[in-house]
Number of protein chains: 2
Amino acid sequence: MATMTAAERRERGREAYDAYLAECPSRHVLDRIGDKWVSLLLVALADGPRRYAELGRAVAGVSQKMLTQTLRGLERDGLVSRTVTPSVPARVDYALTPVGRSLVDLIGVIKVWAEGNIAAIEAARTEYDAREQPPA
Amino acid sequence: MATMTAAERRERGREAYDAYLAECPSRHVLDRIGDKWVSLLLVALADGPRRYAELGRAVAGVSQKMLTQTLRGLERDGLVSRTVTPSVPARVDYALTPVGRSLVDLIGVIKVWAEGNIAAIEAARTEYDAREQPPA
DNA sequence: CGGGATCCATGAAGATACTG
DNA sequence: CAGTATCTTCATGGATCCCG
């Protein structure tokens, strides 16, 4: 059993950790905005309500599946609202909710930080790569 | 060829998109902080320098591979510094760089937003789930 | 102690086809 | 128009073994 101790300990740690993470608000938010399409969709909605197909074109490159899936997730979290107008060709509009709009603001803050520090980051990256792999 | 148009258009869009994303500073930052271990490691380092094994224990649940990999990425981006002390049992200390510290601050901002809005989000989520799946 | 290298399972993203 | 359902592919994380 002694040889299992290390693995066991890690698993114990992971369990406790998962539980901890599950109730960590930051985690949820981080997971959301870390999603490739969430931020893009959110800023696409920043200008105003958009229809399903409009979002598909605005984000260009997203598959129907991911578009729907992401939208559903955002709707579930109360970040966007979904309004169905049962006309002949059904019409569905998506819009930011107040909370969603405030999240867009937060993304704006992140964007500002990113633009202010990207130069330093890329410089560090270039230097790092140059140091580790001098010749061919 | 007419039947390929849709797929082609999407692929064209995706190519242009990837190029666009590649030079979008926000994307890099979002990808970084979206990483499960990055934020955890960063806050673990907020209190001061830590050794490799200390970080492993502090974050509890991370595998050696991810710990090393994440640390390397952060080092490459100039967010953490790596100091090797070639004593008998080698000693390696990791610490936040100024840029890294400022990123921790940004994470702090995100945390504040998260804690301020998690209630609304969870409420929306509960309501959504209740609406879509009333009985069993 | 602090990793590097390798193999493998899993889950997410994408393409495709079909429906109300 | 606005999805849903299914299949396949592929990247990511994790476990393990080994080395300086």
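Please read these numbers as outputs of a predicted model, since none were measured by experiment.
Pairs engaging residues 54-66 of chain B under the salt bridge (Lys or Arg N to Asp or Glu O under 4.0 Å) rule: none recorded [sequence neighbours left out].
Rounded to whole angstrom, the span from the CG atom of A:Leu40 across to the P atom of C:dA13 amounts to 13 Å. Between B:Lys36 atom NZ and D:dG14 atom C1' the separation is 11 Å, expressed in whole Å. What separates CD of B:Gln69 from P of D:dG13 is a distance of 6 Å, to the nearest Å. The CG-P distance, from A:Leu67 to C:dA13, rounds to 13 Å in whole Å.
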Using a cut-off of 4.0 Å between protein heavy atoms and nucleotide atoms, how would you tag nucleotides 1-7 of chain C 5' to 3' with B, S and -? SSBB---
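Partners of A:Thr68 under the side-chain hydrogen bond (donor to acceptor under 3.5 Å, both in side chains) rule, at least two apart in sequence or in another chain, are A:Tyr52. Taking the salt bridge (Lys or Arg N to Asp or Glu O under 4.0 Å) definition, one finds that B:Arg76 meets it with A:Asp129, sequence neighbours left out. The salt bridge (Lys or Arg N to Asp or Glu O under 4.0 Å) test applied to A:Asp105 returns no partner, not counting sequence neighbours. In this structure, A:Thr126 has no side-chain hydrogen bond (donor to acceptor under 3.5 Å, both in side chains) partners at least two apart in sequence or on a different chain. Partners of B:Arg125 according to the salt bridge (Lys or Arg N to Asp or Glu O under 4.0 Å) rule, which considers only residues two or more places apart in sequence or in another chain, are A:Asp77.
Distance check, rounded to the nearest 0.5 Å: CZ of B:Arg101 to CG of B:Leu106 gives 14.5 Å.
With axes fitted over five pairs at each extremity, the angle between the ends of the helix from C:dC1-D:dG20 to C:dG20-D:dC1 is 50° (10° resolution).
Of the side-chain N and O atoms in B:Trp37, one or more sit less than 4.0 angstrom from OP1 or OP2 of D:dG14.
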Acceptor/donor pairs from residues 82-100 of chain B side chains to any protein atom, 3.5 angstrom cut, sequence neighbours excluded:
residue, atom, partner, partner atom, Å
B:Arg82, NE, B:Tyr94, OH, 3.2
B:Ser87, OG, B:Thr85, O, 3.3
B:Ser87, OG, B:Pro89, O, 3.1
B:Arg91, NE, B:Asp93, OD2, 2.8
B:Thr97, OG1, B:Gly78, O, 2.6
B:Thr97, OG1, B:Leu79, O, 3.1
B:Thr97, OG1, B:Gly100, N, 3.1

